[in-house]
Every structure is written in C-alpha cells, then in structure tokens.
Amino acid sequence: MAGYDVTDAVTFCFLSQAFIGPMQVFGGGLELGQRVRTGDIALDLVRPASLQMWSLADDLGRAGYLILLRSVPPTVAGAVLFGIRFPPDAAMWAWSLASMLLGIVVSFGLRYLVAIATCWIVDDRGLQSLSLVMTTFFSGMVLPLVLFPGLLGTLAQALPWAAMVQVPADVFLGKRDPLGALALQAAWVAVLLGLGALLTRSARRRVVIQGG
C-alpha cells in the first residue's frame, strides 16, 4: 500500500513510537510558558545569551537523553521480535540521523512558537491543544501521510509537522530522496527559527509579566 510492504509498515510503527520522545510529538518539553506565568521570563529576557538558542540547546540535550532511553530500546526490541528494515549502508544511516536531528529542531521550532506566544495570550492551553491535534494528525503519527488522498496528501507532506515523523521515517526506509527530504526540513527549520527570533525580539521590547 502506497509503496509500503509489511516490513515497511512494521518499521514505520516502531519508528513513529521511537520519535515520540525526541520529537516531543505530544507537545511540551519547554519550560518557557511556565516561566512567563511565574515572571521568571523577565530574567531570561535581560540575559546576554539568546533565549531561543539557550532553549534549543536545552531541548537538544533532552532529546539526546530520550533517544538513548526512549527510542533505542523499543526499536531494538521490535527488530528482535518482529523484524524491521534498517538502512543498507553507512551513507543511509548518516542521512537518517541528519533527518532525525532536523526533525527534532523542527519540533523545537513549533513548540517554541507556542511557548513564546504565552507572552501575549496569557493562557496557552488552547494553543497547546490545537498544536497537539495538528502535530498528531499531520506528522504521520496517527497514519502515514503517504496514505492521505490527493491534495490532502500533497499538502500534509509539505507542512512542517511532516518533518517530525513522516520525513525521517521515509529517509530511514529509503522511500524518499535524502537530499530533497533534508532540504524540506532545513527550509522549515529556517522559517520556524526565524519566526521564533522575531517573536523573541518583540517580547524583549514589551512583555506583561504575570508573576512577581
């Protein structure tokens, strides 16, 4: 179905589960919204270090830890018990790891936009819920995007959420041109980090602090 055989489907299932932790598919992972509510964001904004880059470094550390503890063990178990398809050579492994790293940064970019928006909307729970729905549906977590019909499938695979699950999974499976896949992910990284930087700059000029 859509170019996936049974082994591809089983592999995709285990990969999508492996991506939940590092990609923080269900949202969260950043303390920024909470720091706005407590007022601690005021200290963060006057520090000489970039708030966005500091948050990214912290998130990459979290993702690395979860890859080792949350991603590798169940994937290995799936390979032993059910058999999954691995990249055939070192080059494909390198492309797959690069795609996964870009997916993590795309995930950060999306979550950072939701978190920094707390500076203006005060209560981010509605935005978090909307982000959760969009991420789980358009990332490929619920259903591989290659199964989406027509224009919906084309649109879904061009959106940033696809870069979190569908694109790195396809690179791992050899279903997508690695250069094109990484170019799409890199483009969304640039867009999302750029928007995050603009919002951070705006927050530095004027922000309402809820806490002390």
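Keep in mind it's a predicted model, so treat the numbers as computed, not measured.
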* To do: Could you pull out all residues at least two apart from F14 that satisfy ring-ring contact (aromatic ring centres under 6.0 Å, His included)?
  => F82
* To do: Using a cut-off of 6.0 Å, state whether more than 12 heavy atoms not belonging to F86 lie near its atom CZ.
  => yes
* For V105 and D59, run side chain to side chain contact (heavy atoms under 4.5 Å, CB included): C-alpha distance rounded to whole Å, both residues' side-chain angles, the deciding distance at 0.1 Å, then the answer. => CA-CA 9 Å; V105 181; D59 198 60; over 6 Å; no
Taking all non-hydrogen atoms of both residues into account, name the closest pair between [X] and [Y] and its distance.
X    : Y    : answer
R62  : P22  : NH2-O, 3.0 Å
P168 : Q185 : CD-NE2, 3.9 Å
G140 : F12  : O-CE2, 3.5 Å
L182 : A98  : CD2-CB, 3.8 Å
L192 : G109 : CB-CA, 4.0 Å
F19  : V25  : O-CG2, 3.8 Å

* Asked: Does the pair T200 and Y112 meet the rule for a side chain to side chain contact (heavy atoms under 4.5 Å, CB included), with working shown?
  -> CA-CA 10 Å; T200 304; Y112 185 85; 2.6 Å; yes
Does [Y] offer a backbone N or O that forms a donor-acceptor pair with the side chain of [X] under 3.5 Å?
X    : Y    : answer
Q166 : L145 : yes
S16  : C13  : yes
S131 : L127 : no

* Mind checking what makes salt bridge (Lys or Arg N to Asp or Glu O under 4.0 Å) contact with R176, not counting sequence neighbours? ->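 Residues passing salt bridge (Lys or Arg N to Asp or Glu O under 4.0 Å) with R176: D170.
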* Asked: Is the ring centre of F137 less than 6.0 Å from the ring centre of F148?
  -> yes
* Does the side chain to side chain contact (heavy atoms under 4.5 Å, CB included) test come out yes or no for L51 and L32, once each step is laid out? -> CA-CA 9 Å; L51 174 63; L32 190 58; 4.0 Å; yes
* For S129 and R125, run side chain to side chain donor-acceptor pair (under 3.5 Å): C-alpha distance rounded to whole Å, both residues' side-chain angles, the deciding distance at 0.1 Å, then the answer. => CA-CA 6 Å; S129 297; R125 286 176 293 181; over 6 Å; no
* To do: Starting from the C-alpha separation in whole Å, work towards a yes-or-no answer on side chain to side chain contact (heavy atoms under 4.5 Å, CB included) for R201 and L198.
  => CA-CA 5 Å; R201 188 178 307 166; L198 289 175; 4.2 Å; yes
* Go through W95 and F172 one step at a time and tell me if the ring-ring contact (aromatic ring centres under 6.0 Å, His included) criterion holds. => CA-CA 8 Å; W95 287 121; F172 190 93; over 10 Å; no
* How long is the gap from CZ on F108 to CD on Q24, to the nearest 0.5 Å? ->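 Interatomic distance, F108 CZ to Q24 CD, rounded to 0.5 Å: 12.0 Å.
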